[in-house]
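Every chain is numbered from 1, with letters handed out A, B, ... down the list of sequences.
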There are 2 protein chains.
Amino acid sequence: MSDIKQDTEKNILAAASRVFIRKGMGGTRMQEIADEAQINKSLLHYYYRSKQLLFEAVFKNTVAEFILIIKEIFNSEEDLRIKIPKIVQVYTDYLKKNPYIISFILRELQAEPKIILKIIEMVNIKSLYFFEQIKENISSGKIKPIKPEDLFVNILSLTIFPIVAKPIVKAALMQNDSEKYNDFLEERKKTICEFIFSSIY
Amino acid sequence: MSDIKQDTEKNILAAASRVFIRKGMGGTRMQEIADEAQINKSLLHYYYRSKQLLFEAVFKNTVAEFILIIKEIFNSEEDLRIKIPKIVQVYTDYLKKNPYIISFILRELQAEPKIILKIIEMVNIKSLYFFEQIKENISSGKIKPIKPEDLFVNILSLTIFPIVAKPIVKAALMQNDSEKYNDFLEERKKTICEFIFSSIY
DNA sequence: AATAAATTTGACCAAATAGTTAAACTAAGT
DNA sequence: ACTTAGTTTAACTATTTGGTCAAATTTATT
């Protein structure tokens with residue numbers, strides 16, 4: 001019974017995630033979520049009381065997953081020559097599979113910027129090993145001086161932006177050809193790294 | 001009379017822009033726009049018939065402005081050593097002043113991706129002089145080989161992303177300190193260019 | 001000043017939508 | 001079989017919201 005309950009509850013959360021992530025808090029109708037989960041609308045309220053609470057559960061979940069990936073990958077102790085390509089690759093693949101996630105997070109964060117504070121507590125970004133690692137590599141002369149924050153932002157910018165801006169990039173540069181766009185992202189896994197390496201080595 | 005009419009009409013459009021850009025099509029209420037414009041809600045319909053048409057007017061306007069900047073700056077015939085820093089600077093300043101614009105465009109484009117096709121007709125991005133210029137600079141050995149599309153995307157990624165992701169960057173890396181974040185963006189005008197130059201020269 | 005045309009307003013409507021409630025159903029324990 | 005607690009449903013309510021309309025007001029024209 002409590003298995004069934006968990007099933008329904010998770011089913012709702014999963015359905016709500018799919019809809020919320022695609023359409024955002026404002027654009028989503030409770031009925032849509034109910035349809036997506038193939039259940040009655042009242043059940044949504046039974047399990048999550050209100051749209052707002054359901055949304056918050058989805059948002060928290062989504063960000064947590066996203067943060068977890070950052071944490072794991074930026075904390076790895078591999079050499080930067082291995083680690084940076086891995087960051088780029090893992091993020092590209094993840095975002096290609098879940099293309100709406102980043103836009104969703106950014107969109108909702110802009111509507112309600114306070115939420116981010118709680119989330120940032122979850123991971124103290126600056127305490128990631130990556131930041132220490134950059135300083136060490138600079139001290140020992142392995143890479144040219146650069147502010148770790150800049151390098152961090154650069155890696156994420158180069159990787160994430162072309163995916164967030166997919167409709168524009170695809171239409172403006174790829175003749176709106178999905179395969180071309182996809183190849184472009186695949187090739188960028190290499191070119192982004194070359195771009196970064198040529199500036200730090 | 002037609003002066004007043006234009007005043008009211010433009011007043012409505014300006015108010016609608018402010019609200020739509022902050023909250024998006026789905027999140028905006030017609031009453032909010034009326035309040036923002038300090039007029040009666042019926043007037044919105046009198047001038048623009050429906051929410052959809054008002055939104056389209058705003059969206060078209062916003063994108064047109066944004067495209068105009070791209071066009072002008074990427075078409076300039078200055079040397080890349082001058083041109084790239086100018087691109088970074090103009091865009092940073094523009095987006096700092098209008099921080100919601102990019103998110104707005106990306107958000108609405110994701111909800112309604114067909115619109116982009118009309119817009120792309122407005123500017124054939126690949127016909128911008130920038131693309132020719134890169135090829136010339138490579139041919140004459142002035143810069144290292146790079147696909148113009150990659151360089152184009154890299155410049156915009158490095159410049160735009162930290163501003164689109166403002167809430168995250170500010171909270172995660174800048175202790176949520178507005179001045180720190182602002183300084184960071186200002187310094188990046190230089191560091192982005194150094195980053196790019198070290199990879200193409 | 002009188003008339004006509006455009007503009008503005010407030011009251012109203014209909015559809016959409018979040019949320020409620022009571023009844024029906026299901027499964028577990030006795 | 002009966003009871004109880006948890007789950008699911010359908011019908012309903014209240015509110016929000018985009019949109020309409022006719023009357024009032026302002027502006028232009030004669």
No-hydrogen, no-angle side-chain donor-acceptor test under 3.5 Å, [X] and [Y]:
{"X": "B:Gln52", "Y": "B:Ser50", "answer": "no"}
{"X": "A:Lys170", "Y": "A:Ser178", "answer": "yes"}
{"X": "A:Asn137", "Y": "A:Gln133", "answer": "no"}
{"X": "A:Asp35", "Y": "A:Gln31", "answer": "yes"}

A:Thr8 side-chain N/O to D:dT8 phosphate OP1/OP2 under 4.0 Å: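 So the side chain of A:Thr8 is within the cut-off, an N or O lying under 4.0 Å from OP1 or OP2 of D:dT8.
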Would one find a side-chain N or O of B:Tyr46 under 4.0 angstrom from OP1 or OP2 of C:dT7?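 For B:Tyr46, the contact criterion (side-chain N or O under 4.0 Å from OP1 or OP2 of C:dT7) is met.
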Measure up the B:Phe66 and B:Tyr91 rings against each other and bin them: parallel (under 30°), tilted (30 to 60°), perpendicular (over 60°).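 The arrangement is perpendicular - the two ring planes meet at more than 60°.
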Taking the inter-plane angle between the rings of A:Phe152 and A:Phe131 on a 0 to 90° scale, is it parallel (under 30°), tilted (30 to 60°) or perpendicular (over 60°)?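 The arrangement is tilted - the two ring planes meet at 30° to 60°.
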How close or far is atom [atom2] of [N] from atom [atom1] of [X], stated in whole angstroms?
{"X": "B:Asp7", "N": "C:dA6", "atom1": "CG", "atom2": "P", "value": "18 Å"}
{"X": "A:Ile39", "N": "D:dT9", "atom1": "CD1", "atom2": "P", "value": "7 Å"}
{"X": "A:Leu43", "N": "C:dT26", "atom1": "CG", "atom2": "P", "value": "14 Å"}
{"X": "B:Phe55", "N": "D:dG18", "atom1": "CZ", "atom2": "C1'", "value": "16 Å"}

Between A:Gly26 and A:Lys51, what is the shortest heavy-atom contact and its length?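 Minimum heavy-atom contact is O-NZ, 4.4 Å.
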Residues from residues 18-25 of chain B sitting under 4.0 Å of DNA chain D, heavy atoms only?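 Within residues 18-25 of chain B, no residue comes under 4.0 Å of DNA chain D.
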In B/S/- notation (B base, S sugar-phosphate only, - none; protein heavy atoms under 4.0 Å), nucleotides 14-25 of chain C written 5' to 3' is ---SBBBB----
Check whether any side-chain heavy atom of A:Ile101 sits under 4.5 Å from a side-chain heavy atom of A:Glu65, and report yes or no.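 A side-chain contact exists here, since the closest heavy-atom pair is under 4.5 Å.
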